[in-house]
Colleague: 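My questions all concern the structure below.
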Amino acid sequence: MKIAVLSGKGGTGKTFVSVNLVNSTENTDYYDCDVEEPNGDLFFQSKLIQELPVKVLLPSFDKEKCNACHECVDACSFNALALIGKDMLLFESICHSCGVCSFVCKQKAISEVPKQTGVIKIGKAGDSKVVTGKLNMGEAIGVPVISGVLDLMDEDRNSIIDCPPGSACSVVESTQKADYCLIVAEPTSFGFHNFKMVEQLARVLKKPFAVVVNKAESKNNIVSSYCKKNKIKVLDTFLFNRKIAQDNSRGEICTSVDDKMKARFISLLDNINDDWQRSLK
Amino acid sequence: MKKILILSGKGGTGKTTVAASLIEYLNSKTIADCDVDAPNLHLLLKVKNPVEKDFIGSKKALIDVDKCISCGLCAEKCRFDAIHSFGSSYKVDEISCEGCTMCSLVCPAGAVSFYDDKSGTLQKYTAPYDFSTACLKLGRGNSGKLVSEVKRNMVIKNTEEYAVLDGSPGIGCPVIASISGVDWVLLVAEPTLSGFSDLKRIVSTAKAFDLNMALCVNKSDINMKITNEIIDYCKDEGVYYLGLIPYDKAVLKALKSCKLIINVPSEAGNALRNVFKEFKQVLENEN
């Protein structure tokens, strides 16, 4: 089963839930798709097995062949090209690597060359695989790194996908291959507002989903009453706890030292599995 | 008019809470929310009834089933895996399509056309602030373009006033779009391993731009060891260190009742006031 953990708002506890789900259950691997700010491995401190570069194709211009016809500049839908005098200029960070410029060039003056935009680290922590996508700084588009991370998922094992915040294309890419979405919601006005955006996203993507409420002051809160009204399952509610926050700040995994928490995460995964099985019928 | 952008790297460190209070403290009337994926500033400022405008972010392809000869070239050449066979024809997935036009260039039957895709809504509030923001349509790309549009919608006057922009988490396209052209970045850090790691990534990213950076540590007492490391890091990186804001339940309470924390007599409110006082001095010395 592949579970995407998402939230809308940042800092609600996606990584907290993801890491503990992986840590407390057997046969489960971790995939960090928050490639702009990957943090899961700060907790696992996994043993590095392999590093894979992520490359995208960028156009390269042969000055000898180019006749400054301007056709590639006009064909680029992303305004990533400009012709300055007789020189082609590429704005690398907005190039989408679609290949249209080299396709339309009649002079065959454009070739495509790979450029590294990020890296994927594969590590091992206990019996779990820990896969981390990391976008290079200064790069704008994380989607190729995310899709590279997800290509490494193992069909025979459970995969927990730690998604980026927000509700844009990077979140869609991260959830694309998931069987199930787990939304981590924080019951504040901000958290609630962004939760509803992600709820809509899960509906648009036609994924079964449920909610975990985190950092709550009580079991009854704005998220839980909304979920009740709209028949959305809340699988667990974690109350704000200063000790957990402090342990978390040091990169400690609470299910490693707290058996009660471990039991909760084991049953959380069971509940997700049951709910997913039901949705298949 | 100097433009101040609030950033953090990691999400949930308190950007919007700090931004709303800074707007009040500096009495800024020209403001923006650049977190178009998950905008929240409007909730705290209690603004209503924005003027809305559709944002056309890109084109999307559409395949005419009557003209399609099912050769599959479009699906083969699409680099975004956006075209799949569908019955006896092919269909474009509107979320994955980036509008590059490769499919129409290779189609021998002329079956591909394009339509403008609404990828978000621009919003402008006029009272009591000149407040520019937007909301990205679910799952869309182009958030960088939309952020640039939000900034273009701001009326930057030639006055001593400060413009305040709330940013988004991360280091990718919306963040890069929000940084370009601002004068100051105010970083809201969080003393956790994750928060510190993300802070370093945003500082390195912002360094490529010619701007000044200042920093405060929020929820500082959650981990004093990392808080001290962040303060040392600021010194090494030439980031102005402004002060600490302790974890305080009053912040959550204020948020719940839509009050600004600097208007609430509280430990965090007072600490934030001191941070802003320091910041204002730094801003004025720079002039």
Side-chain angles (χ1 to χ4, degrees), chain A residues 7-13 15 34-39 42-43 57 75-78 93-94 96-100 103-104 135 137-143 147 164-173 176 186 188-190 193-194 197 200-201 204-205 217 240 242 245-246 248-251, chain B residues 8-13 16 35-40 43-44 58-59 77 79-80 95-96 98-102 105-106 136 138-144 168-177 190-195 197-198 201-202 204-205 208 219 222-223 225-226 247 252 255-256 258:
Chain A
S7 72
K9 182 177 180 307
T12 65
T15 300
D34 189 1
V35 301
E36 293 181 35
E37 311 286 14
N39 288 328
L42 294 171
F43 294 85
L57 292 174
C76 177
S77 296
F78 310 104
S93 67
I94 51 174
H96 283 53
S97 308
C98 68
V100 162
F103 183 83
V104 298
L135 182 68
M137 285 176 277
E139 293 291 340
I141 304 168
V143 170
S147 92
S167 55
C169 54
S170 55
V171 180
V172 172
E173 182 69 26
Q176 205 80 278
E186 182 188 285
T188 60
S189 53
F190 294 173
H193 181 62
N194 299 154
M197 297 174 77
Q200 283 311 313
L201 189 71
V204 169
L205 297 172
E217 282 182 288
F240 179 82
R242 203 181 160 94
Q246 283 171 335
N248 203 56
S249 78
R250 285 192 295 270
Chain B
S8 66
K10 186 173 182 312
T13 66
T16 302
D35 191 2
V36 298
D37 272 44
N40 281 327
L43 298 172
L44 255 186
S58 70
K59 298 168 285 195
K77 294 291 178 189
R79 298 247 175 117
F80 306 101
I95 288 184
S96 301
E98 305 247 354
C100 73
T101 73
M102 181 61 102
L105 291 170
V106 299
L136 188 73
L138 292 174
R140 287 300 193 264
N142 300 306
S143 50
S168 52
I171 58 166
C173 64
V175 173
I176 291 172
E190 180 190 279
T192 61
L193 268 189
S194 308
S197 164
D198 298 349
R201 283 169 70 78
I202 185 65
S204 303
T205 304
K219 310 173 203 174
I222 289 286
N223 190 324
K225 185 171 166 273
I226 300 180
Y247 178 82
L252 209 60
L255 191 59
K256 265 192 171 162
C258 272

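Just so it is clear, the model here is predicted, and its values are computed rather than measured. Just so we're on the same page: letters track the sequence lines, and every chain starts at 1.
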Colleague: Identify which part of T188(A) has an atom lying under 4.5 Å from any heavy atom of chain B, answering side chain, backbone, both or neither.
Modeller: side chain
Colleague: Specify which of I176(B), V175(B), I226(B), T13(B) makes the most heavy-atom pairs with chain A at under 4.5 Å.
Modeller: I176(B)
Colleague: Using heavy-atom distances under 4.5 Å, tell me whether E139(A) contacts chain B through its side chain, its backbone, both, or neither.
Modeller: backbone
Colleague: Select, from G139(B), G11(B), P169(B), G172(B), the one with the greatest count of heavy-atom pairs under 4.5 Å involving chain A.
Modeller: G139(B)
Colleague: Walk me through it: do H96(A) and C100(B) pass the test side-chain contact (heavy atoms from CB on, under 4.5 Å)?
Modeller: CA-CA 8 Å; H96(A) 283 53; C100(B) 73; over 6 Å; no
Colleague: With a 4.5 Å cut-off on heavy-atom pairs, point out which of A208(B), G141(B), S143(B), C173(B) contacts chain A the most.
Modeller: C173(B)
Colleague: Please state whether the side chain, the backbone, both or neither of E173(A) comes within less than 4.5 Å of a heavy atom of chain B.
Modeller: neither
Colleague: What part of I95(B) gets closer than 4.5 Å to chain A, counting heavy atoms only: side chain, backbone, both or neither?
Modeller: side chain
Colleague: For each of P164(A), A168(A), G166(A), tally heavy-atom pairs with chain B at distances under 4.5 Å, and name the one with the top tally.
Modeller: A168(A)
Colleague: Evaluate the side-chain proximity of T192(B) to N248(A): yes if any heavy-atom separation is below 4.5 Å, no if none is.
Modeller: no
Colleague: Where does the angle between the aromatic ring planes of F240(A) and Y247(B) fall among parallel (under 30°), tilted (30 to 60°) and perpendicular (over 60°)?
Modeller: parallel
Colleague: For R140(B), which atoms come within 4.5 Å of any heavy atom of chain A: side chain, backbone, both, or neither?
Modeller: backbone
Colleague: Does any heavy atom of chain B fall under 4.5 Å from the side chain of V35(A), the backbone, both, or neither of them?
Modeller: backbone
Colleague: Would you say the side-chain atoms of D35(B) and N40(B) include a donor-acceptor pair closer than 3.5 Å?
Modeller: no
Colleague: May I ask you to name which of S58(B), C258(B), A38(B), G99(B) has the most heavy-atom pairs under 4.5 Å with chain A?
Modeller: A38(B)
Colleague: Side chain, backbone, both or neither: which part of E186(A) has an atom under 4.5 Å from a heavy atom of chain B?
Modeller: neither
Colleague: Under 4.5 Å from any heavy atom of chain B, what part of V171(A) do you find: side chain, backbone, both or neither?
Modeller: neither
Colleague: Tell me whether E190(B) contacts the main-chain N or O of G195(B) through its side chain, where contact means a donor paired with an acceptor under 3.5 Å.
Modeller: no
Colleague: Looking only at heavy atoms, what is the nearest atom pair of K10(B) and G11(A), with distance?
Modeller: NZ-CA, 3.8 Å
Colleague: With a 4.5 Å cut-off on side-chain heavy atoms, are D34(A) and P165(A) touching?
Modeller: yes
Colleague: Considering only heavy atoms, which portion of P191(B) lies under 4.5 Å from any heavy atom of chain A: side chain, backbone, both, or neither?
Modeller: backbone
Colleague: Need one label for F190(A): side chain, backbone, both or neither, based on atoms under 4.5 Å from any heavy atom in chain B.
Modeller: both
Colleague: Please flag which part of S96(B) lies under 4.5 Å from any non-hydrogen atom of chain A: side chain, backbone, both or neither.
Modeller: side chain
Colleague: Is a side-chain donor or acceptor of S167(A) paired with a backbone partner of D37(B) at a separation under 3.5 angstrom?
Modeller: yes
Colleague: For the pair S197(B) (side chain) and L193(B) (backbone), establish whether a donor and an acceptor sit closer than 3.5 Å, ignoring hydrogens and angles.
Modeller: no
Colleague: Show, in sequence, the C-alpha distance, side-chain angles and deciding distance for M102(B) and F80(B), and conclude whether the side-chain contact (heavy atoms from CB on, under 4.5 Å) test is met.
Modeller: CA-CA 10 Å; M102(B) 181 61 102; F80(B) 306 101; over 6 Å; no
Colleague: Heavy-atom pairs under 4.5 Å with chain B - which of G13(A), G8(A), S97(A), S170(A) has more of them than the others?
Modeller: S97(A)
Colleague: Using the rule given for side-chain contact (heavy atoms from CB on, under 4.5 Å), can you reason through D198(B) versus I202(B), listing the C-alpha separation, both sets of side-chain angles and the distance that settles it, and then say yes or no?
Modeller: CA-CA 6 Å; D198(B) 298 349; I202(B) 185 65; over 6 Å; no
Colleague: What option among E37(A), M137(A), Q246(A) has the most heavy-atom pairs under 4.5 Å with chain B?
Modeller: E37(A)
Colleague: If you count heavy-atom pairs under 4.5 Å with chain A, which of S8(B), A177(B), P39(B) comes out on top?
Modeller: P39(B)
Colleague: With only heavy atoms counted, which part of I141(A) is less than 4.5 Å from chain B, the side chain, the backbone, both or neither?
Modeller: neither
Colleague: Verify side-chain contact (heavy atoms from CB on, under 4.5 Å) between L105(B) and K77(B), making sure each step is shown before the conclusion.
Modeller: CA-CA 10 Å; L105(B) 291 170; K77(B) 294 291 178 189; over 6 Å; no
Colleague: With a 4.5 angstrom heavy-atom cut-off, is it the side chain or the backbone of K225(B) that approaches chain A, or both, or neither?
Modeller: neither
Colleague: Of the listed residues (K59(B), E98(B), K219(B), R79(B)), which shares the most heavy-atom pairs with chain A below a 4.5 Å separation?
Modeller: R79(B)
Colleague: For I94(A), is it the side chain, the backbone, both or neither that has a heavy atom under 4.5 Å from a heavy atom of chain B?
Modeller: neither
Colleague: Identify the heavy atoms of C98(A) and F78(A) that sit nearest to each other, and give their distance.
Modeller: SG-CE1, 4.0 Å
